[in-house]
Every structure is written in structure tokens, then in C-alpha cells.
Amino acid sequence: MLDTRVSRRAMLMGTGAAAAWLASPARALLQAVGKVAVPGFVDALIARMTPEEKAGQLQIMPSAWGGGAALSLNPPGNGSDFDQQVNEARQGQLTGVFNGNGARMARLLQNAAVKESRMKIPMIFAADIIHGHRTIFPVPLAEVASFEPDLARRTAEAAAFEASGAGIDWTFSPMVDVARDQRWGRGVEGGGEDPMLGSLFAAARVRGFQGADLKSPEHMLACIKHFAAYGAAESGLDYDVANMSMRRLHEVYLPPYKAGFDAGALSAMASFNEINGIPSTGNHWLMTDLLRGQWGFQGFVVSDYTGDEEMIAGGYAKDGRDAARIAFLAGVDMSMASGLYRKFLPDLVRSGEVPQAKLDESVRRVLALKAMLGLFDDPFRRIDEKREAARSLLPKTRALAREAGRKSIVLLKNDGDLLPLPRSGKRIALIGPFASGAHDLVGPWVVYGDDAKAVDLATGVRAAVRDPSSVIVAEGSKVEEPLPGGIEQAVAAARDADIVLLAIGEHTGMSGEAQSRTEIVVPEPQQKLAEAVAAVGKPVVVVLKHGRALALEGAVADAQAILATWFLGTETGNAIADVLFGAYGPSGRLPASFPWKSGQQPYYYAHKPTGRPNPPGELQPYKAHFRGIPNSARYPFGHGLTYGKIDYSGLTLSAPALPMNGRIEVAATIINRGTRAAEEVAQLYIHDRVASVTRPVRELKAFRKIALAPGQSQVVRFTLSAADLAFYGLQDRPVVEPGTFDVWIAPSAEAEGVHGTFDVVA
Ligand code: BGC
């Protein structure tokens with residue numbers, strides 16, 4: 001329940017303000033979630049099913065097609081071979097498979113299910129379509145840097161178009177886990193460190209994958225994962241525990257999941273981690289009381305890969321039978337990969353440990369979703385070998401990948417306006433392990449994408465310059481090991497050139513699942529390469545490859561220009577070249593802060609002030625900071641430069657005070673004093689000075705991306721209501737308290753921009 005002092009829903013204007021509303025806790029209580037329609041025939045089917053057939057509808061397995069390629073994406077499971085899986089489909093022992101391969105495989109299994117099984121229930125085909133199917137878009141974290149949620153909707157829709165053409169009905173995406181510790185490798189799959197920004201992207205992706213009608217053979221079911229707080233793993237170690245207050249859970253970690261459900265997602269995946277001692281897969285409060293009770297979720301929940309079985313090693317279940325019972329009773333409808341549900345649920349129902357009605361309820365949810373996907377009307381609606389090929393890597397999809405790629409790039413630094421580079425008249429040394437070659441392009445979480453189909457940096461750069469022979473490529477170093485003679489060769493190339501492009505960073509395997517790092521730096525051999533190349537004295541542009549925010553050091557940090565380019569997918573080289581040579585002016589903003597040092601992790605801009613904050617300027621003794629560095633980021637959340645010269649001025653407030661049921665307009669003038677066009681992302685942050693619970697130093701509430709021609713200025717306006725200022729109060733519900741608030745409109749979370757204050761009055 002909302003505190004009575006917040007009596008009405010905020011009506012906010014414009015994208016930025018709408019964004020604020022989307023993330024506000026008040027909204028969470030007012031939104032409707034996706035609705036499930038259960039057709040009448042579903043109960044008639046359930047009435048005829050044996051407990052074994054029911055349990056079969058609650059068991060999904062990795063596809064064993066092609067020698068079990070799906071298994072190579074995960075630890076070895078309890079899978080069968082493909083012939084056995086076809087047999088299991090005939091026996092009604094499999095609701096579906098995931099990460100299989102293509103329409104041909106799907107047809108074989110679907111035939112077995114709908115023609116040869118007793119109940120003739122269609123199978124569902126799932127896959128990890130995280131950021132593309134064959135055409136690969138930027139990794140999700142990169143795409144969040146666009147600060148353009150609609151871009152994510154469009155790429156999700158394009159991914160659904162390709163994937164559904166290949167027989168896939170259901171994607172295990174979007175992953176919406178807030179990640180505030182860059183050591184964790186899976187931040188690459190998610191929405192970054194900010195709950196509000198992450199919520200907008202969660203909702204956009206769901207809309208893109210699902211479209212307006214789940215029956216559409218160009219769309220698919222989305223799955224919100226990993227529920228919940230998987231990104232809060234202690235010390236950034238994947239699979240480790242999340243320990244936190246309910247306030248932090250509600251304010252920081254839950255909003256993006258909720259936003260995804262509100263956008264209509266009708267499936268959810270339980271996370272591997274525990275929260276405060278209870279594994280999510282066995283957490284009744286999370287899966288039932290909160291998700292279904294408070295949030296009204298009507299879809300179904302699947303475990304993560306052997307997540308039910310892992311409660312044994314985690315010390316929460318005695319054995320497989322116990323694990324199946326605990327997970328099922330907690331509210332996890334479907335088991336992934338362990339096989340425990342089909343093995344134990346029938347007996348658990350017979351013994352009375354699991355109520356028959358509960359089993360029926362889960363089966364009803366799964367069958368209702370299959371019906372909503374149109375599978376009972378036509379089980380082959382997404383299975384069409386010709387369509388699979390016809391939809392793959394189309395020019396329009398590649399064009400979207402290029403657009404998304406360039407919008408995801410963040411210009412961290414550009415001393416002396418080194419960028420954009422001229423297209424002719426300069427010799428370019430393109431140095432580093434990521435300079436060329438069909439590797440490390442599509443990123444760490446693709447099932448069907450192929451580096452060989454992607455454009456590498458050298459190809460993109462050569463296509464952008466007038467004379468491709470002016471580009472000299474030198475590998476210089478391996479990613480984590482030195483390359484014999486590499487540095488000498490790179491130094492010679494740099495000497496010979498006018499400008500150095502240094503393509504360095506992390507390879508594909510350094511982020512993603514189970515890829516936590518202790519030091520989030522450019523690996524030492526590449527750092528040495530950077531030092532040697534810098535010593536040549538030519539201007540250096542660092543082109544970073546990375547799946548997380550990094551702590552940049554030495555010659556890398558000192559380079560004249562730095563571009564954060566993540567893993568951009570199929571159009572990597574073209575997208576980077578577009579920015580390097582000015583065909584596109586950089587507009588990306590960091591979705592995660594780049595700290596000064598690894599040891600600051602977890603670092604996030606919305607931290608608490610502490611009783612001893614270090615005022616801006618010199619580091620002071622007995623103040624909250626690590627030895628030698630400020631308690632800030634080198635490049636904070638929201639940071640990103642343009643090729644223009646952007647100035648913020650003249651913050652105005654429509655009134656000195658905001659009544660509880662009123663609104664206030666905050667505006668500022670933004671001017672481009674440069675000679676090139678720019679796209680600026682104006683960000684509105686607030687800080688509640690004194691509250692019954694201490695508040696973060698800043699919180700993002702709204703943003704707007706605006707285009708400014710040289711010399712052009714624009715007034716950006718945001719409207720705030722009291723509901724936007726709510727926090728999770730002492731009574732475990734959203735509350736707004738009267739008092740003074742700081743407000744900034746600024747180019748990043750740690751830039752001053754323009755500042756004002758207003759009072760919230762009762
Ligand atoms: C991951 C999930 C993924 C699943 C199926 C798990 O290891 O945590 O994100 O959807 O495997 O591939």
C-alpha cells in the first residue's frame with residue numbers, strides 16, 4: 001500500500017519524465033501485469049492427463065540435437081540423446097527443449113509430440129536469444145548505453161523475427177539483473193547499475209520480443225530473469241549469495257523485474273542465488289507471495305539450469321526428491337535441465353506431499369501459454385525451414401545492428417578533439433589483439449551468432465578511409481599473454497603512422513556466466529603493449545573491447561581519446577568506424593561507472609553519502625575514500641562525450657515548493673557551442689537531503705536525448721511529482737517525506753551540470 005500522503009498517480013510529460021514514472025515505486029503498485037487467458041479445452045486436457053504426463057509438461061531439457069550442442073553452453077546435465085528425446089516427446093515426458101537447432105529439429109520433435117503422443121500436446125521450443133539470433137546486436141549492457149529504450153525494443157523485435165523463423169517460441173530473455181559490482185561477469189547481459197534505466201530497457205525488450213500478440217509467428221514469449229537479485233552476488237562471484245536489506249531489494253533490485261512483468265512478460269526464471277539465506281528456487285515468499293500475490297503475475301516460472309537440484313549442494317535440500325518438492329511448492333512451475341520434476345512430482349503427488357490441485361495449476365499455466373503462443377492452433381506455426389533461411393541476416397536487420405552498434409559506443413575522452421579522424425591524408429596503425437580477425441565480435445552470450453559473419457574492426461576502418469592501404473595492422477599482443485615479437489612490430493607500425501588505434505581489452509570469455517574477475521583491468525600484456533606504443537609519441541585512440549566497466553590505468557587511461565565499444569555484434573567494425581570517422585557523432589552514455597581502481601568494487605554512483613564525505617577537491621584525512629583516490633568514478637554512470645561542445649545553464653524551477661499532490665517543472669538550457677552536431681543525453685538527478693532513511697547522493701529520475709546542431713540551444717523540461725521522490729520507508733512501503741531536495745540536470749551522475757533545490761511540502 002502506498003502511504004496516504006502520496007494520494008494520486010503522477011502524470012509526467014515527455015520521455016524523460018515518463019521514465020521517472022516508470023521507475024517510481026508508486027507506479028509499481030498501480031500497473032497491470034500481462035493477462036493469461038486459459039481456454040476451456042485446457043482443463044479438459046488436464047482432466048485426462050496422468051500425473052506422469054502432467055509432470056512431463058513441467059520439464060524442459062537442453063536439446064540433444066547435433067550431439068548436444070546446447071549442453072556445451074552449460075555444465076553437463078542429465079540429458080538424453082536426441083532419439084531418446086524424440087521418444088520422451090512421444091511419451092509426454094518433455095514440455096519442450098531449448099537451445100536446439102533450427103526448424104528441422106523442431107519439426108521432428110513436434111511431430112512426435114502432436115502426432116504420436118497420447119495427449120497430442122505441442123512442445124515449446126526455447127532458446128537464449130539474448131541480443132540476436134543470427135544477426136547479433138550489441139550485448140545488452142552496451143545497448144543500454146544508447147539511453148534509447150526504443151532501440152532495444154526494435155532490436156528485440158528483430159531478434160524475435162529471426163528466431164521465431166527458426167522455430168523458437170520462447171526466449172530466455174531479457175536478463176534484467178541490476179549489476180553494481182563490475183567483477184561479476186554477467187553484467188554484460190543486463191541493464192547496468194541503475195534500476196530506473198534498467199527498468200525502461202526491461203520493459204522495452206519485453207515489448208519487442210512479445211509484440212502485441214503472442215500468437216504472431218514473428219514474435220515470441222519473453223522470460224524475465226534471473227528472479228531475483230542475481231546481480232547482487234557477494235564480491236561479484238557468480239552464483240554466490242545475495243545478502244541485503246528488504247529496502248535495498250525493493251528499491252534497487254526488484255524494479256526492473258517488475259517493469260518487465262508490467263510490460264507483459266508471461267514467464268520468469270528463478271535465479272541461482274540465495275537471498276538472505278533462501279535460494280530463489282525454493283523461496284515461497286519471492287515466487288508466490290510477492291510475484292503472484294502482490295504483483296499479480298499470471299504466467300509461469302521456470303527454474304534456471306539445474307537450479308532446483310543445486311539446492312542440494314547449497315544446503316537447502318536433502319536430495320533430488322526434496323529439491324523438486326521445495327522448488328515446486330515455492331512456486332517454480334517448470335524445472336530446467338535437472339529432470340527432477342518428471343522424476344519425482346508424480347510420486348510427490350501420490351504421497352500427498354504436493355497437492356494435486358497445485359500440480360494442475362502449474363500445468364494449466366504452461367498449457368495456457370502454449371495456447372497463447374498459438375501452438376494448439378498450429379504447432380508448426382514457427383517451424384518452417386524456408387522461412388528460417390529467408391529471415392536470416394537480412395540487410396535491414398544488419399542495418400539495425402549497425403545503428404544499434406554506433407549508438408552503443410561511448411566516447412569517454414577526446415583530448416584536443418582528436419576524434420573524429422579524417423578519412424584521408426593520415427596513416428593509421430591499427431594495433432592490438434582486437435584489431436582484426438573473426439573473433440570476439442558477437443560477444444559472450446550467443447547461441448546462434450557467428451564471428452565469421454561479423455565485420456571486424458580492420459574491415460570497418462578500411463572501408464571508411466579513402467585509401468585502405470594507409471591502414472597498417474599489428475596484433476601486438478595476445479589478450480592475456482604476450483605475443484613474441486608483438487610489441488616490436490607494433491612499435492614499428494606506430495612509428496610509421498600518424499595516428500594509432502589501439503584495440504585492446506577483454507576477450508569474449510572474460511565476461512558472461514561464471515566469468516568473474518578480481519581485477520577489472522586491461523590484462524597486463526596489453527597494458528605493456530599500450531605503454532610501449534604510447535612511448536612512440538603518436539596520438540593514440542584506445543578502442544576498448546569489454547563486457548563490463550573497467551578500471552583504466554597508465555597509458556590506456558592517458559591516451560588522447562578513448563572509446564568504450566563493448567561487444568557490438570555483427571556490425572562491430574562498421575559501427576566503430578562510423579564513430580571514428582564522424583559519420584555518426586557518439587551519443588552513448590555509460591550504463592555502469594568506470595572506477596579509478598578495481599578495489600572500489602562494488603562502485604555505483606547512487607551510493608550513500610556517509611557521515612564523512614570528502615568535499616570536492618583535495619583528498620582529506622578521516623574522510624570516506626580509499627588511499628589515494630576519490631570516492632568517485634573515473635568515468636561515472638551517464639558519462640559520454642559528443643563531437644559538439646555542450647554547456648548546461650539556467651536551471652529553473654516552476655515553483656519553490658512541490659506540494660504532495662502537485663508537480664514541479666525543472667528546466668535547463670543546453671547549448672552546443674561546438675562546430676559539429678551533437679546528441680546530448682540530459683539527465684535529471686535528485687537527492688533527498690534529510691529523510692527517515694538515508695538517501696543516495698544522487699538518483700536518476702529522468703533523462704532526455706536531444707539533437708543539437710552547432711550553435712543550437714534547447715530548453716529541456718522535466719516534470720516531477722511527489723511520487724517520483726518516494727522511497728521504501730520504515731513501514732515497508734513507499735513513502736514521500738516533506739523536506740528539501742537537491743535537483744540537477746547534468747551530463748552525468750557525477751557532473752555538476754546545473755543545480756537547484758526545492759521543498760516538498762505537506
Ligand atoms: C543461465 C541462464 C540460461 C540457462 C539456459 C543458465 O546457466 O543462467 O541465463 O537461460 O542457462 O541456457
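Whatever order the structure lists ligands and atoms in, that order sets their numbers, starting from 1. These numbers were taken from a predicted model, which means no experiment stands behind them. Along the sequence shown, residues carry numbers from 1.
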When the side chains of residues 329-336 are checked against the rest of the protein, which donor-acceptor pairs come out under 3.5 Å, sequence neighbours left out?
residue, atom, partner, partner atom, Å
D333, OD1, S362, OG, 2.7
D333, OD1, R365, NH1, 2.7
D333, OD2, R292, NH2, 2.9
D333, OD2, V301, N, 2.8
S335, OG, Q59, NE2, 3.2
S335, OG, D308, OD2, 2.8
S335, OG, S338, OG, 3.1

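No heavy atom of Y230 sits closer than 4.0 Å to any atom of ligand 1. Heavy atoms of M269 approach ligand 1 to within less than 4.0 angstrom. Distances from ligand 1 to the non-hydrogen atoms of E189 include no value under 4.0 Å.
Remark: the backbone N or O of G588 is not paired with any side-chain donor or acceptor of K407 at under 3.5 angstrom.
If you check which protein heavy atom lies closest to atom 11 (O) of ligand 1, you get N74 OD1, 3.3 Å. For atom 3 (C) of ligand 1, the closest non-hydrogen atom on the protein side is D128 OD1, 3.3 Å.
Ring centers of F227 and W295: under 6.0 Å apart, within the cut-off.
A salt bridge between E193 and R180 is absent, with no side-chain N of the basic residue lying under 4.0 Å from a carboxylate O of the acidic one. Residues E385 and R107 are paired through a salt bridge, judged by an N-O separation under 4.0 Å between the basic side chain and the carboxylate. Look at R154 and E157 and you find no salt bridge, because none of the NZ, NE, NH1 or NH2 atoms lies under 4.0 Å from a carboxylate O.
Of all atoms in ligand 1, listed by their number and element, those nearer than 4.0 Å to a heavy atom of F98 are 5 (C), 12 (O). Which parts of ligand 1 touch K225 is read off a 4.0 Å heavy-atom cut-off, strictly below it: atoms 2 (C), 3 (C), 9 (O), 10 (O). Numbered from 1 in the order shown, with element, the atoms of ligand 1 that lie under 4.0 Å from a heavy atom of N99 read 12 (O).
For a threshold of 3.5 Å applied to N or O pairs, the pair formed by W445 and ligand 1 contains no separation below that value. Annotation: R186 places an N or O atom under 3.5 Å from an N or O atom of ligand 1; distance criterion only.
Taking the ring centre of F161 as origin, the terminal cationic atom of R391 falls inside the region bounded by 6.0 Å and 45° from the ring axis.
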Check the pair R517 / E506 against salt bridge (Lys or Arg N to Asp or Glu O under 4.0 Å), numbers first and verdict last.
CA-CA 11 Å; R517 296 185 68 193; E506 298 182 304; 2.7 Å; yes
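Counting only non-hydrogen atoms, the option in I60, D238, D304 that gets closest to atom 2 (C) of ligand 1 is D304.
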